[in-house]
Structures are given as C-alpha cells and as structure tokens.
Number of protein chains: 2
Amino acid sequence: MNSKKNTEADILKAAKKIFIQHGYAGARMQAIADEAKINKAMLHYYYRSKEALFGRIMDGAVDLMSQQFRKALSGTAPVMDKLKALISSYTDTINQNPYIPIFILNEIARNPINFQSKMQRKLEEENVLQNFMLQIMEEQEKEILRPLPIPQFMLTVMSLIVFPHIAKPVFVRVFGISDAGYAGMMEDRKELIYEMMQKTMTL
Amino acid sequence: MNSKKNTEADILKAAKKIFIQHGYAGARMQAIADEAKINKAMLHYYYRSKEALFGRIMDGAVDLMSQQFRKALSGTAPVMDKLKALISSYTDTINQNPYIPIFILNEIARNPINFQSKMQRKLEEENVLQNFMLQIMEEQEKEILRPLPIPQFMLTVMSLIVFPHIAKPVFVRVFGISDAGYAGMMEDRKELIYEMMQKTMTL
DNA sequence: ACCGAGATTAACCATTCGGTTAAACTTTTG
DNA sequence: CAAAAGTTTAACCGAATGGTTAATCTCGGT
C-alpha cells in the first residue's frame with residue numbers, strides 16, 4: 001500500500017538514529033542498513049561514504065539549531081523578550097529531539113573546526129548573532145541590562161537551557177524520573193530560566 | 001637519568017589523552033601505544049583489554065568528580081555555603097582537567113547504566129547526596145530556601161557550573177577567546193553563579 | 001512485449017583493529 | 001653467576017569494517 005520509493009529518506013532516518021546513539025566512530029554502516037531494512041550497498045549508492053552520510057545528519061542538526069536562533073533573536077524586540085522566545089523554542093525543539101545536544105557535543109569534540117565553521121556560516125548569513133550582541137551592548141548602555149561581558153551572558157542562558165537535556169540520562173536515574181516527568185520538568189524550566197535571567201541580568 | 005619503570009603510569013596518561021580526544025569507539029590501541037612510546041602488546045600486558053583500560057580511566061574521572069561532591073556537600077554548613085564550596089572546587093578541578101566533562105558525557109551516552117552505577121555507588125558510600133537533599137528540604141521548610149523541586153535545584157547549579165566547560169570549544173572560537181582568557185572567565189563565574197543562586201533560590 | 005535506466009542484492013575485497021604468541025631482553029633473587 | 005621472574009618486542013591472527021563490483025530485479029515509456 002504505502003511502500004513507495006522512500007529508501008533515501010529511510011536511510012537518513014536510520015542513520016540519524018544510529019549516529020546519535022553511537023557517535024560517528026561507534027556507528028556501524030551495517031547497523032544503519034539493518035535499521036533501514038536495506039542492503040549495506042544502498043548506503044553507498046545514495047550517500048557516497050560514511051563521512052558523507054554523517055555530514056548530512058550533522059547538517060540537519062545544525063540547521064535545526066541555527067533556525068531557533070534566527071527566529072528568536074532577529075527583529076527589534078527587547079533582549080529579554082527575545083530570550084523568552086529562545087528559551088521556549090529551544091526547549092521545545094530539544095524536547096522533540098532529545099539527543100541532539102549530545103550528538104552535537106560529540107561532534108564538537110571530534111572535529112571542532114568543521115562544526116564551528118558550519119554553525120558560524122549559518123549564523124553569519126543574516127548577522128543574527130552579531131546583531132543580537134550589539135543589541136545587548138545597547139541595552140547595557142541604556143542601563144536596562146546589567147553590564148556583564150557578552151560571553152558570560154550568552155554562556156549563562158545557554159547553560160540553563162541546554163545542560164538539563166545533556167544531563168538527562170543521569171538525572172533520570174538518580175532521581176527516578178520518567179521520560180514524561182522529565183519533559184514536564186523541562187516545560188517548568190522555561191519560566192524558571194526566564195525568571196532567573198530577569199532577576200540577575202536586568203537592572 | 002629519570003627513566004625508571006614508569007611504563008604503567010605512562011600508559012594511563014597516554015590512554016587518558018587518547019580516550020578523551022577520540023572517545024571510546026574512536027580511540028585506537030595503537031594510538032595509545034604510540035602516545036606512550038611503547039609496543040602495543042604492553043597495553044594488554046598491563047591492562048587486559050581496551051574495555052579494561054578504558055574502565056581505569058573512567059574510574060579516575062568518577063573518583064575525581066565524586067570527591068568534589070563529598071568534600072563540598074558533607075558536614076553541617078548551610079546549603080548556600082556548601083554550594084559556594086561546590087562551585088569553587090568544581091570550577092577549579094575542571095579548569096585543571098578541562099576535558100573531563102565531555103569525557104563523562106560521552107560515556108553516559110555510550111553506556112549510561114554502567115556510569116550511573118559507578119557514580120551512584122560512590123555517592124551512596126556516605127549518603128552524601130541523600131543527606132544534602134534532605135538538608136535542602138529542611139531549609140525549604142524553614143523558609144530559608146525557595147520551595148522548588150530538588151531536581152530543578154540541582155539541575156540549575158550543575159548547569160551553571162558544568163556547561164561552560166563543555167561548550168568551551170565553541171565559545172572560544174565564536175568569541176575569539178584565548179585559553180587563559182576562558183580560564184579567567186570561569187574564575188569570574190564562581191561569583192556570578194553564587195550570586196545567581198542567592199538571588200533566585202533563597203527567600 | 002521489450003528495453004533501458006534506476007534500484008537492489010549477494011558476494012567479495014583490502015584494510016584496520018583488538019588481541020595473542022613466542023621469543024628476546026632485563027631485572028631480581030638465591 | 002645462574003636461574004627465575006618480570007618486561008618488552010616483532011610478527012602474526014581472526015574478526016569486523018568501510019567500501020566495491022557485477023549481476024539481478026523492477027517498472028515506466030515506447
């Protein structure tokens with residue numbers, strides 16, 4: 001009935017799962033083929049090599065993440081409003097793709113230069129990050145935001161948003177929380193994070 | 001002059017470097033041997049297998065981390081004081097071993113159960129974590145600390161402390177910061193993190 | 001019906017990898 | 001000093017891995 005020529009997409013889906021689960025070095029082409037229920041040769045037929053296939057998956061992840069930045073941080077809204085949007089969209093996206101942060105982290109350790117150039121290219125497209133940083137400095141001068149080095153500011157937000165998803169496997173076990181329970185905690189954190197930023201970053 | 005029988009330690013040092021750089025699956029026994037300037041067979045002579053050698057490295061990392069917890073969180077000092085100590089010692093330790101967080105993160109993704117059982121065993125030795133959590137609940141009842149689910153509380157501290165070290169490779173490039181500069185930022189963060197916790201977690 | 005291009009498969013290949021072996025070298029010990 | 005114990009090495013091994021090949025299948029267009 002519904003068995004059309006979706007092989008190419010099947011491969012990507014399978015590759016995503018296997019690469020995320022085992023990392024680049026730990027992933028086996030055979031495992032990806034099995035997961036996609038196809039012959040191993042098909043992988044090389046559609047995507048030349050392991051590295052190329054991995055690149056596709058990584059591109060997707062980088063796109064997804066940089067999109068969040070662009071949507072939340074563009075425009076003229078005040079910094080704290082943008083932050084609220086970023087917190088919300090990032091939390092949602094990661095909740096739907098819980099393994100992306102670890103996946104990206106592994107790639108950063110494996111090949112930092114390649115990843116960073118991919119990400120930077122995306123963000124430089126519309127000067128998203130640059131403009132946002134300038135906006136922060138403006139609001140600092142207007143004494144809306146506390147004067148704090150930009151990296152510290154960014155580091156703090158990203159820490160509060162991203163880390164809980166990375167540490168999920170540990171916390172789930174230590175505190176005996178269900179997957180649904182953890183997702184709920186992440187939802188609650190939206191408000192908590194915004195409140196923390198409000199209380200500590202604004203004047 | 002100083003070339004004694006330090007082969008065993010040399011191997012551990014080399015293994016640490018290679019495992020951290022490439023992860024378990026990506027690390028090659030030959031690369032470890034080269035790094036230690038010995039024959040590959042020596043690795044198996046001193047440590048039976050790759051898995052066993054990796055286990056040694058991981059044990060060391062877990063020990064180091066759990067030690068911080070034990071030192072900072074034991075005793076009868078108020079929660080916020082303990083937190084201050086934890087922030088400081090954790091930051092120092094990671095500053096001296098910057099790769100440990102990523103290393104542990106990779107292992108959590110690779111084999112979550114094994115890691116968590118190792119860590120939990122360490123922390124259960126003196127009920128460190130359990131006692132600290134009870135203390136938090138006490139201070140919440142005494143209206144010293146804000147009533148907030150314990151996991152959220154722990155997640156917030158750990159996020160602020162650990163994540164900046166994980167994200168270092170990215171931030172260093174994005175903001176063009178030197179290694180020394182980043183270490184300095186981490187030093188400054190000690191106060192910032194404590195202040196954030198103070199402002200948002202106490203009543 | 002048939003043909004040809006794209007899709008799919010089984011079998012195969014070269015290399016790499018973790019691990020082993022047996023011999024040689026070094027240090028300890030009686 | 002000589003045997004024993006501990007250390008180191010080169011050569012080797014089987015299994016696994018990423019990748020290739022040639023043959024086969026599928027199916028829309030003529």
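Protein chains get the first letters and strands the later ones, always in sequence-line order, with residue 1 at the start of each. No hydrogens, no waters, no symmetry mates; every other heavy atom, side chains included, goes into these values.
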Here the distance between atom C1' of D:dG19 and atom OH of A:Tyr46, to the nearest Å, is 18 Å
A:Glu8 atom CD is separated from C:dT8 atom C1', nearest whole Å, by 14 Å
Strictly distance-based, threshold 3.5 Å: is any side-chain N or O of B:Lys82 a donor or acceptor partner for the main-chain N or O of B:Gly75? yes
State yes or no: are the ring centers of B:Tyr99 and B:Phe103 separated by less than 6.0 Å? no
Here the side chain to side chain donor-acceptor pair (under 3.5 Å) pairs for residues 17-32 of chain A, sequence neighbours left out, are A:Lys17-A:Glu35, A:Tyr24-A:Glu51, A:Gln30-A:Asp34
| query | Touch check for A:Tyr47, heavy atoms < 4.0 angstrom, all strands: base, sugar-phosphate only, or nothing? | reply | nothing
Scan nucleotides 16-21 of chain C against the protein and return all N/O pairs shorter than 3.5 Å with their distances rounded to 0.1 Å.
residue : atom : partner : partner atom : Å
C:dC17  : OP1  : B:Arg28 : NE           : 2.9
C:dG18  : OP1  : B:Ala27 : O            : 3.1
C:dG18  : OP1  : B:Arg28 : NH1          : 3.4
C:dG18  : OP1  : B:Lys50 : NZ           : 3.0
C:dG18  : OP2  : B:Met29 : N            : 3.0
C:dG18  : N7   : B:Lys40 : NZ           : 3.4
C:dG19  : OP2  : B:His44 : NE2          : 3.2
C:dG19  : OP2  : B:Lys50 : N            : 2.7
C:dG19  : N7   : B:Lys40 : NZ           : 2.7
C:dG19  : O6   : B:Lys40 : NZ           : 2.3

In whole angstroms, the gap separating C1' of C:dT9 from CG of A:Asp34 amounts to 14 Å
Does B:Phe54 have its ring centroid less than 6.0 Å away from the ring centroid of B:Tyr47? no
Whole-Å distance, A:Ile32 CD1 to D:dT17 C1', equals 12 Å
Taken to the nearest whole Å, CG/A:Leu43 to P/D:dG18 is 10 Å
Can you confirm whether the side chains of B:Gln67 and B:Lys122 place a donor and an acceptor under 3.5 Å from each other? no
Taking 4.0 Å as the cut-off, does a side-chain nitrogen or oxygen of A:Thr7 come that near to OP1 or OP2 on C:dT8? yes
Going by distance alone, is a donor N or O of one side chain under 3.5 Å from an acceptor N or O of the other, for A:Arg189 and B:Thr156?
yes
Whole-Å distance, B:Met42 CE to C:dA24 C1', equals 13 Å
Rounded to whole Å, CZ of A:Phe19 lies from C1' of D:dT17 at a distance of 13 Å
